[in-house]
Number of protein chains: 2
Amino acid sequence: MLSLHQLRCFLATLEHGSFTAAAGALGYAQPSISEQVRLLEQQLDTTLFRRVGRGLVPTEAARALQPHASAALAAVDEAGRAVASVRELLTGTVRFGVFRTARFYLAADLVADVLQRHPGVRIELVGQNSAEVLEHLRKGRLEAAVIALPVEDENMVVTPVLRDELVYVSADPTRLHARITPADLAAAQLVLPDASWRETDTTRRQLAQAVQRTGHPLRPRIEVEDTETALDIAARGLADTVTWRGVLHGLGDRLPAGLGWAPLRPAMYETFAVVHREGELSPASRVVVDLVTARMRGLDRAMRARTG
Amino acid sequence: MLSLHQLRCFLATLEHGSFTAAAGALGYAQPSISEQVRLLEQQLDTTLFRRVGRGLVPTEAARALQPHASAALAAVDEAGRAVASVRELLTGTVRFGVFRTARFYLAADLVADVLQRHPGVRIELVGQNSAEVLEHLRKGRLEAAVIALPVEDENMVVTPVLRDELVYVSADPTRLHARITPADLAAAQLVLPDASWRETDTTRRQLAQAVQRTGHPLRPRIEVEDTETALDIAARGLADTVTWRGVLHGLGDRLPAGLGWAPLRPAMYETFAVVHREGELSPASRVVVDLVTARMRGLDRAMRARTG
DNA sequence: GCTGTCCAAAGGCATTTCCTATAGATCGAA
DNA sequence: TTCGATCTATAGGAAATGCCTTTGGACAGC
């Protein structure tokens, strides 16, 4: 089969006009070049140079071959550069898994950070739900992610980065007394997000367990997909909801007007962790992992400070 | 150094999703593919596939590499086809050496013939002069040619194809008596072509030898480069000239009006031969050699018939 | 005719390539 | 959970390839 090396030797010979000169240019001995070109001629079943006296004269076939040989070498060159560019994070796509409500914690700031450091890259933040993201990690479709614990997989490196607390949210101040108990939750008219993931979502399961201990099922009056939709509905006074303090913190003044919150007792926590498979992480993922870790931990400190 | 084989293995792996499948497709054992891809990763200093469980997941680097790898393989493929196409005479350039006045013998018909049989080829008919063309042959810049004898080179295959006779040409009928002798030539006002080649041109040398035997030098009154110019001048009555019967034959009714011709005594002949180096001739040259041989021999027969 | 230059051929060493066999890991099904 | 099928990684050996040095032959220029 044709090889790049043969083409290189051929082009050098064409350029320098002799095997000897080509050998000099490429740093080989003359017979090596001679052999490579002969092999090429044999494989192409044609004569590339007429051996006349002590010189070589390229044939028509050689002239026909030249541009394509150059193109092949150029493509390989370009290939190396393209890969290097991905390796150096100059181009390419960075994929990172996130839990559904990550946007309230990381917002666009994470993306801005990455883009500022690596202006050429594309970013994909993928993930509908922590369980789904974990599955992607297991299947290798994602290298790293930030998701809610627990992650029961010994092949994963799990780095907890933020502990958040579930709070009760209502537009009615009278319902925001000091301690909201599971019994209160069971009695309340609730709107809950993550309709499609209610079977696997860890928040749902925590809530359901706590309420069920009171002898009642968790039966939200309204189910929606999106956290913000749930908050909007709560703001209209149609139902109360629960959400993470981090979400309220992240929304800031974009929180629908009129909403207040109160802690649950016993408190319910969710821990988010940066997760990736054991072994080497690609530079791209490394960058995002570090940024996310730093941001989430900063947020964690900020929220604890406010509580304290 | 990056090799095509590595790229082939890489692309097959990418396409089939596993080393095993790629090996099956390429007809190798699985470890061979595995090794080639590992080598490629090593040389590119990057990971192309994440080994996850029993499958492979291409990385961003792999996606960046793919189009360039394909381009390289395509270029090589194209190279092979281009060479094959030259080999099969579908395209490419046919270079053929001709003596200066060949156009009067072969005219455009030769070109038309070649083009009709091989519509893709380019044709170059090069040559200022037989001596110059012979030199090109010796240096290997030309594969084959049709030139005037003698060719004193034992490495050349010489095939005589046409014998032509030098004739005296004048616009004055009184000077066209039956036999033009060297003495007549010495006395005549002559216009001769091939001014630049008078030292090497075989016609000139033959003429000069014959005239010098009469004790006079050959001193043409006028010298021009082109045969047709010489004939034009002769037609104006400014001087007489000599030329080959084949030229008059080839010009046909494009011969300037008013010119007549007479044979020389003793007669002077020039033999044209198809000449090429010993050994294999490229298919392209073979075609032209055969065509020229046939045409010139046909012309030779036609001219002898007219004489007889 | 002599000399320097170039291509071709031969022999030998080192590397690469490819194979088989096997071990380790994982996934899906029983 | 276990078993079997499937895939990758590794090891070791055989074959092929690549490259070198040496040498011979042809040619060009002095």
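Below, chains carry the letters A, B, ... as their sequence lines are ordered, and counting in each starts from 1.
Atom CD1 of Ile33(A) is separated from atom P of dT21(D) by 13 Å (rounded to the nearest Å). Rounded to whole angstrom, the span from the NE2 atom of His5(B) across to the P atom of dG18(D) amounts to 13 Å. When rounded to the nearest whole Å, the span between CD of Gln6(A) and C1' of dC19(D) equals 14 Å.
The two residues Gly127(A) and Val133(A) make their nearest non-hydrogen contact at CA-CG2, 3.5 Å.
A donor-acceptor contact closer than 3.5 angstrom is absent between the side chains of Thr47(B) and Thr59(B). Remark: the Thr203(B) side chain and the Glu270(B) side chain contain an N/O donor-acceptor pair separated by less than 3.5 Å.
Residue contacts shown for Leu39(B) are limited to sugar-phosphate atoms, with no base heavy atom under 4.0 Å away.
Using cut-offs of 30° and 60° on the angle between ring planes, the pair Phe272(B) and Phe99(B) is parallel.
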Generate the contact string for nucleotides 6-17 of chain D. Rules: B means base contact, S means sugar-phosphate contact only, - means no protein heavy atom under 4.0 Å. BSBBB-------
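Arg51(A) and Glu41(A) are joined by a salt bridge, as a carboxylate oxygen and a charged side-chain nitrogen come within less than 4.0 angstrom of each other. Salt-bridge check for Asp290(A) with Arg286(A): passed, with a basic side-chain N closer than 4.0 Å to an acidic carboxylate O.
Nearest-nucleotide positions on DNA chain D for Asn155(B) and Ser32(A) put Ser32(A) closer to the 5' end.
Between chain A and DNA chain C, the heavy-atom contact criterion of under 4.0 Å yields a 5' to 3' nucleotide range of dG4(C) to dA9(C).
The environment of CZ in Arg81(B) is crowded: more than 12 heavy-atom neighbours from other residues, nucleotides or ligands sit within 6.0 Å.
The main-chain N or O of Gln30(B) is never found under 3.5 Å from a side-chain atom of Ser34(B) such that the two would form a donor-acceptor pair.
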